[in-house]
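First listed ligand is number 1; within each ligand, the first listed atom is number 1.
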Amino acid sequence: MTHVVVDPVTRIEGHLRIEAEIEAGQVTSAWSSSTMFRGIELILQGRDPRDAWAFTQRICGVCTTVHAIASVRAVEDAIGATPPPNARVLRNLIMAAQCVQDHVIHFYHLHALDWVDVVSALSADPAATATLAQSISDWPESSPTYFTGVKARLQAFVDRGQLGPFGNAYWGHAAYRLPPEANLLAVAHYLAALEWQRDFIKLHAILGGKNPHLQSFLVGGMATPVDPNSQAALNIHTIAALRSLIARAKDFVTKVYLPDLLAIASFYKDWAGYGAGVGNYLVYGEYPMTEGKNAPKYIPSGVIRNRDLSKVEAFDDSKITEQIKHSWYKYDGGDDQGLHPAVGETHPTYTGPKPPYDLLDTSAKYSWLKSPRYDGQPMEVGPLARMLVAYVSGHERVKELVGGALGALGVGPEALFSTLGRVAARGIETQVLVEKISDWVDELADNMGRGDLRIHDSDRWDPSSWPKDSSGAGFHEAPRGALGHWVHVKDGKIARYQCVVPSTWNAGPRDAAEQAGPYESALLGTPVVDPEQPLEILRTVHSFDPCMACGVHVVDTKGRELARVKVR
Ligand code: NFE
Ligand code: MG
């Protein structure tokens with residue numbers, strides 16, 4: 001048996017440590033640990049709940065809007081504020097844009113290099129690359145001259161010894177399978193996607209003043225004036241600017257991201273057989289289509305258990321608990337219980353090992369992540385969960401795209417329960433959202449046209465209008481999955497605040513019943529050709545798009561080393 005430590009896992013947000021045991025070339029046990037703590041939940045106590053979103057938004061610099069949205073919704077739920085239609089539409093636009101940008105960045109910049117060998121791209125024939133590119137898409141930048149230029153650019157990085165983002169990976173690993181031309185194509189689009197994401201996210205600058213960390217959220221609505229006749233508000237020129245940003249985004253997703261995803265996946269179909277994980281999927285739902293708490297959502301909520309695609313259960317938030325048997329926290333009532341987040345506790349209690357340590361004691365506490373559970377069960381959250389629930393719920397566009405992807409790869413729906421399924425679901429979700437997002441621009445324009453310029457419910461702005469003691473929950477589907485904030489407001493101040501975050505669901509440690517979390521389960525059976533270069537472990541872990549900053553709500557305060565892979 002070989003014990004492998006990957007710490008920190010790179011090309012993620014925050015710090016994640018994976019330990020795994022490998023026998024006969026396969027992972028037989030795995031542990032996921034997040035190794036730092038800050039505690040945003042604690043610093044919110046005693047503050048004005050109307051300010052909470054600005055603090056929680058700083059939990060993460062990647063999913064920058066998501067904690068703001070969850071927070072304003074939780075506070076609105078507690079104090080009884082109802083945002084008007086323009087606020088809902090503006091929020092939908094902001095959230096969908098976040099998801100689209102985040103997914104494209106994940107595919108090219110955080111995940112592609114697990115599948116794409118940059119060094120091999122240097123031996124590609126640019127003319128053959130152009131032929132390949134033109135065979136999968138009518139994207140205009142596909143000429144031999146274009147790929148000759150990309151190859152020369154890459155060669156120049158290498159000649160200068162300045163590999164930049166390509167400096168650290170397992171180049172030449174036996175598990176890389178793309179021909180040189182496909183590698184060059186992917187590298188070209190890695191670079192193109194850097195430009196693309198910078199362009200597209202101007203949408204956030206327009207609607208939120210800046211990105212990351214938009215400034216326009218407000219409990220009860222949005223702080224973005226809407227007025228077709230004002231230069232100082234979102235007006236008809238803004239609508240035109242949004243339309244052109246979205247059109248360019250859709251072009252790139254449809255003609256570059258999705259064709260690349262299918263082309264790369266076709267060389268790695270065996271990865272539809274690895275990385276399934278817990279087989280339970282949880283979705284809170286997102287993009288309300290009308291006002292009010294029970295509004296229908298474009299991406300529906302629901303629960304799927306045991307990979308059973310014959311039915312979706314209704315989501316019931318009272319079934320959520322967080323456990324801490326293996327997390328560096330203590331609970332007043334004992335560490336073996338699970339607490340609902342409305343009565344959750346955050347008492348950090350580091351019990352070792354003492355850094356710098358060799359191995360974690362996984363029989364004891366071993367992560368700063370808690371273990372969220374639904375009805376006592378571990379749940380995977382994220383794009384795969386959302387696309388599965390939407391698929392089984394009969395979402396037309398999702399059904400079409402899932403069917404199309406499965407057909408193109410020649411695999412059945414069971415292939416979705418895998419590392420590759422996770423990657424494909426993320427692409428499908430991006431396509432669905434980049435198509436849908438323009439409807440919300442139309443809705444905003446229609447509202448303006450009808451003279452509905454309301455952006456805020458001011459009836460509940462004054463704390464004297466609030467109940468003396470109330471609680472609320474705010475739910476959101478962040479790019480990485482189901483996100484919930486729970487707030488208890490007492491005498492106008494925050495008495496308790498709890499966040500249960502997508503990466504906490506997915507990357508959390510074992511629970512009191514010793515059930516493994518989704519990462520830990522997904523790694524079982526993963527082939528590892530060379531324990532010194534555990535590329536395959538990264539494939540499965542990265543397929544979830546880890547964000548430890550969100551997961552623990554932490555910040556890195558220490559110097560960082562690039563990576564440590566330890567085999568014993
Ligand atoms: Ni920091 Fe996050 C998303 C949230 S993941 S990226 O998406 O919430 O835990
Ligand atoms: Mg929390």
A.B. asks: Of all the atoms in ligand 1, which lie at a distance below 4.0 Å from a heavy atom belonging to P479?
C.D. replies: 7 (O)
A.B. asks: Determine whether any heavy atom of H67 lies closer than 4.0 Å to an atom of ligand 1.
C.D. replies: yes
A.B. asks: Considering non-hydrogen atoms of the protein only, which is the closest contact for atom 9 (O) of ligand 1, and what is the distance?
C.D. replies: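 Scanning the protein heavy atoms, the shortest distance from atom 9 (O) of ligand 1 goes to S503 N, 2.8 Å.
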A.B. asks: Report yes or no: do Q45 and R496 form a side-chain donor-acceptor pair below 3.5 Å?
C.D. replies: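 Looking only at side-chain atoms, R496 and Q45 do not form any donor-acceptor pair under 3.5 Å.
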A.B. asks: Would you call R480 and E429 a salt bridge, taking side-chain N to carboxylate O under 4.0 Å as the test?
C.D. replies: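 No salt bridge links R480 with E429.
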A.B. asks: Answer yes when R373 and E322 have at least one side-chain N-carboxylate O distance shorter than 4.0 Å, and no when they do not.
C.D. replies: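 Answer for the salt bridge query: no.
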A.B. asks: One thing to verify: whether K493 and D491 come together as a salt bridge, which I'm taking to mean a side-chain N less than 4.0 angstrom from a carboxylate O.
C.D. replies: no
A.B. asks: Could you tell me which atoms of ligand 1, counted from 1 in the order shown, lie closer than 4.0 angstrom to a heavy atom of C547?
C.D. replies: 1 (Ni), 5 (S), 6 (S), 9 (O)
A.B. asks: Do the side chains of E286 and R88 get close enough for a salt bridge, i.e. N-O under 4.0 angstrom?
C.D. replies: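 Looking at E286 and R88, the cut-off is not met.
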A.B. asks: For H485, run the side chain to side chain donor-acceptor pair (under 3.5 Å) check against Q498, E41, H67 and tell me which one passes.
C.D. replies: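 Among the candidates, only H67 passes.
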A.B. asks: Using a 4.0 Å cut-off to any heavy atom of L483, which atoms of ligand 1 qualify?
C.D. replies: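 Answer for ligand 1: 8 (O).
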A.B. asks: Taking only Lys NZ, Arg NE, NH1 and NH2, and the carboxylate oxygens of Asp or Glu, determine whether K325 and D511 approach each other closer than 4.0 Å.
C.D. replies: no
A.B. asks: With a 4.0 Å cut-off on N to O distance, would you call K365 and D335 a salt bridge?
C.D. replies: yes
A.B. asks: Considering R480, E13, M548, H106, which one's heavy-atom position lies nearest to atom 3 (C) of ligand 1?
C.D. replies: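 Going through R480, E13, M548, H106 one by one, R480 has the nearest heavy atom to atom 3 (C) of ligand 1.
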A.B. asks: Should the pair K297-E477 be classified as a salt bridge under the 4.0 Å nitrogen-to-oxygen rule?
C.D. replies: no
A.B. asks: For ligand 1, is there an N or O atom under 3.5 Å from any N or O atom of T504?
C.D. replies: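 No, no N or O pair falls under 3.5 Å.
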A.B. asks: Does any N, O or S atom in C60 come within less than 2.8 Å of atom 2 (Fe) of ligand 1?
C.D. replies: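 Checking C60: none of its N, O or S atoms is under 2.8 Å.
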A.B. asks: Which heavy atom of the protein is the closest neighbour of atom 6 (S) of ligand 1, given with residue, atom name and distance?
C.D. replies: C63 SG, 2.7 Å
A.B. asks: Can you tell me the protein heavy atom closest to atom 4 (C) of ligand 1 and the distance?
C.D. replies: C550 SG, 3.0 Å
A.B. asks: Any N/O/S atom of E41 sitting less than 2.8 Å from the Mg ion (ligand 2), backbone or side chain?
C.D. replies: yes
A.B. asks: As an exercise, identify every atom of ligand 1 less than 4.0 angstrom from a heavy atom of V66.
C.D. replies: 4 (C), 8 (O)
A.B. asks: Could you tell me, atom by atom, which parts of ligand 1 come under 4.0 Å of a heavy atom of V501?
C.D. replies: 4 (C), 8 (O), 9 (O)
